Amino acid sequence: MRADDDLTAYAGARWPVLVRTLVLVGCPDPLAPDVALDALARSRRSWADVARGADPDTLVLGAVLAAWAARRRTEWWVGLPAPEPDPEPDPDREPAEAALDRLPGPAREAVVLHDVAGLGADRVAEVLEVPVAAVRDVLDGWTGSEDLRRAAEAVPVLAAPDDAAVAARAGTQGRGRRRRTAAAVGAGALVVAGLAAWTWTSGDDDPAPPDDPDTAPARAEVVRAENPVEVAWWADGVLHLPTSRVPVPAVRSLVGVGPGAVIDDGRGGIALVEHDGDRTELGRAADGSSLVGSGGWAAWRDPSGDLVLVDLDMVEEIDRVGGTDLEPVAIDGGWLYYNEGDTSWRARPFEESARVSGYPLLDVAGGTKVFQRGPTSLLVVRSQAPPGLVRPGRGARLSDDGGLLLTSDRGGGGALRLYDVGSGTVLPSGLEPGEVPVSAGLGRRGTLTYVVGPAVQPVGEDGFSRLSLSVALSLRTCTPYAGACEDVARLSGAAALPVVSH
């Protein structure tokens, strides 16, 4: 039997496990089969290793997690399926999903691989590239196995793809594979850190940082340079600030604050990076937490589940908001705005939180608030203005003055749409047909900054648009009111994707 036949037989037998594993580590249900197909395409190129003794589950499930990590590096509008009406919560899935949401990503992956994919602790450790002892610590502290297995059975699964579909997807991934694989070599260290974080944050005290000056990192070498765009951005190991370029190894998200920026380093670390290269560690974030900042403040959700508000001038915590299912949204006008489930709130130091709306809040800036009114509908409310404006969209970003709104036009195949908030009119987005935005930010003077690249396939009837990493990406700045755009830099699409301040 040919190796491809073996992979086809494996995929037919284990396809439900691949899809259910993806869903329970956090992938949206409609997207899971497409990401699983990515994983099979990755596995196809190294399937010969199975004939030499490699474990097929270790190979393919490792590819599943790698494919989902690659898809998560893009922004919220990339690679998501066209929306469907929100289903009623599934009582068979709710308990397990609520418990999983409280775990850091690596711990979540460990329990899903064990309970859903049926891997022992040693094979889980091999997939995650961590010590077996770290996995056993996680599994020993996990009490939701019965709920998790019930949730897995409740995930709907369609037929597995045939070998022609796997081969076609493998062909589209093409160039750039070796670079992405090389970048993944250090991933095991990050996972170990995530597993360790789950164990020590469950105790009473965080470990104190070392106070020996010899252990402190040296100041990064800084280059004085004007930023070609109006927002901070990171690419290829360099953070671009208004007047300087600072070497920073990794950034998952960032917000520009004055001449510097607050970054999430992708390993749970939150830091303030100054224009002169000084770096101050501010705390740790829970896996998947949003990072927001403005007016000398920054906020995120820490591993305990609380929201932490930090004054960047004093470099100290000034408020903490407790609750469940919390997510910071924005800082505006001296208020921290956040969601608790589908309800939005605002808080500031020494005051009780005040409810804002029963709709989930998406962004606040310059007194403008935008809510997700329905699966594909936005409500935009401006201070001292007539009743709210309703427009199609899913997810949103506002410019600093609240005058521009960027959203994903889910009813139009997933393309971006840019609105003038005052008039409600649509402005030119600056994207060409067949381009996929990787990251975007709105500047202070009505400018829009993108990192864009070509799609392997444009958004089609299935609602998917996959980014090609085989060619360079472009950093583009647009002035929507003038209808003018300019590509100001060419960037690598390999390994970690560029990030624009939001």
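The shown structure was predicted, so the numbers you read here are calculated from the model rather than taken from an experiment.
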Review point. Considering all heavy atoms of both residues, which atom of Gly453 and which atom of Leu473 are nearest to each other, and what is their separation?
Key: CA-CD2, 3.7 Å
Check your understanding: Is Ser289 close to Glu327 at the side-chain level, that is, under 4.5 Å between some pair of heavy atoms?
Key -> yes
Exercise for review: State, with a plain yes or no, whether a side-chain heavy atom of Val25 is found less than 4.5 Å away from one of Val116.
Suggested key: no
**Study point:** Any donor-acceptor pair under 3.5 Å from Arg108 side chain to Leu24 backbone
**Key:** yes
Study note, to complete from the structure: Of all heavy-atom pairs linking Leu128 and Leu65, the shortest is CD2-CD1, 3.6 Å
Review point. Could you give the distance from CZ (Phe371) to CG (Leu378), rounded to the nearest 0.5 Å?
Key: 11.5 Å
Check your understanding: Is a salt bridge present between Arg284 and Asp302, judged by a nitrogen-to-oxygen distance below 4.0 Å?
Key -> no
**Study point:** Short N-O contact, Arg397 and Asp363, less than 4.0 angstrom
**Key:** no
Review point. So, Thr21 side chain and Val17 main chain: donor-acceptor pair closer than 3.5 Å or not?
Key: yes
Check your understanding: Does the Trp300 side chain pair with the main chain of Val308, one donor and one acceptor, at a distance under 3.5 Å?
Key -> no
Practice item. Enter the distance from Asp163:CG to Thr8:OG1 here, rounded to the nearest 0.5 Å. Key: 3.5 Å
Review point. Between Pro16 and Val157, which heavy-atom pair has the shortest distance, and what is it?
Key: CA-CG1, 3.8 Å
Review point. Looking at OG1 of Thr343 and OH of Tyr338, how far apart are the two atoms once the value is rounded to the nearest 0.5 Å?
Key: 10.0 Å
Review point. Please walk me through it: do Leu37 and Val35 pass side chain to side chain contact (heavy atoms under 4.5 Å, CB included)?
Key: CA-CA 5 Å; Leu37 180 57; Val35 179; over 6 Å; no
Review point. Looking at side-chain heavy atoms only, is the closest gap between Glu340 and Thr324 below 4.5 Å?
Key: yes
Check your understanding: Does the side chain of Trp142 reach to within under 4.5 Å of the side chain of Leu103, using non-hydrogen atoms?
Key -> yes
Practice item. Determine whether Leu431 and Leu416 make a side-chain contact, defined as any pair of heavy atoms from C-beta on separated by less than 4.5 Å. Key: yes
Point to revise | Flag, side chain of Tyr450 to backbone of Ser429, donor-acceptor distance under 3.5 Å | key: yes
Review point. Taking atom CG of Asp265 and atom CD1 of Ile263, what is their separation to the nearest 0.5 Å?
Key: 6.0 Å
Revision key, fill the gap. Smallest heavy-atom separation, Val23 atom then Ala32 atom, equals CG2-CB, 3.7 Å
Practice item. For the pair Asp29 and Arg93, evaluate salt bridge (charged side-chain N to carboxylate O under 4.0 Å, His left out) and give the outcome as yes or no after the intermediate values. Key: CA-CA 12 Å; Asp29 285 33; Arg93 291 173 56 174; 2.8 Å; yes
Review point. Heavy atoms, side chains only, cut-off 4.5 Å: are Val248 and Val238 in contact?
Key: no
Review point. Are Asp306 and Val321 side-chain neighbours, meaning at least one heavy-atom pair lies under 4.5 Å?
Key: no
Check your understanding: Step by step, would you call Ser377 with Arg394 a side chain to side chain contact (heavy atoms under 4.5 Å, CB included)?
Key -> CA-CA 7 Å; Ser377 175; Arg394 189 179 182 101; over 6 Å; no
**Study point:** Rounded distance (nearest 0.5 Å) linking atom CG of Asp319 with atom CH2 of Trp297
**Key:** 8.0 Å
Revision key, fill the gap. Between Tyr359 and Leu379, the two heavy atoms sitting closest are CE1-CD2, 3.9 Å
Review point. Between Arg150 and Glu146, does at least one N-O distance fall below 4.0 Å, as a salt bridge requires?
Key: yes
Check your understanding: With no hydrogens and no angle check, is any side-chain donor or acceptor of Asp264 less than 3.5 Å from a backbone partner on Gly266?
Key -> yes
Review point. Mind checking whether Arg417 and Ser408 have side chains closer than 4.5 Å, heavy atoms only?
Key: no
Check your understanding: What pair of heavy atoms forms the shortest contact from Ala299 to Leu336, and how long is it?
Key -> CB-CD1, 3.7 Å
Check your understanding: Have Ser344 and Asn339 got a donor and an acceptor in their side chains that come within less than 3.5 Å?
Key -> no
Point to revise | Arg14 (side chain) donor-acceptor with Ala117 (main chain) under 3.5 angstrom | key: yes
Exercise for review: Go through Val370 and Leu405 one step at a time and tell me if the side chain to side chain contact (heavy atoms under 4.5 Å, CB included) criterion holds.
Suggested key: CA-CA 9 Å; Val370 55; Leu405 167 66; 4.2 Å; yes
**Study point:** Donor-acceptor side-chain pairing of Asp57 and Tyr10 below 3.5 angstrom
**Key:** yes
Check your understanding: Is a donor on one side and an acceptor on the other found under 3.5 Å between the side chain of Arg20 and the backbone of Ala152?
Key -> yes
Review point. Using a distance-only test with no angle check, is there a side-chain donor-acceptor pair under 3.5 angstrom linking Asp38 and Trp68?
Key: no
Point to revise | Criterion side chain to side chain contact (heavy atoms under 4.5 Å, CB included) on Val356 and Tyr337, from CA distance to verdict | key: CA-CA 9 Å; Val356 176; Tyr337 290 85; 4.2 Å; yes
Review point. Taking Ser294 for the side chain and Asp332 for the main chain, is one N or O donor matched with an acceptor at less than 3.5 Å?
Key: no
Practice item. Without swapping roles, check the side chain of Arg301 against the backbone of Pro328 for a donor-acceptor pair under 3.5 Å. Key: no
Review point. Roughly how far apart are Glu97 CD and Glu94 CD, rounded to 0.5 Å?
Key: 8.0 Å
Check your understanding: Under 3.5 Å, is there a donor-acceptor pair between the side chain of Thr376 and the main chain of Gly393?
Key -> no
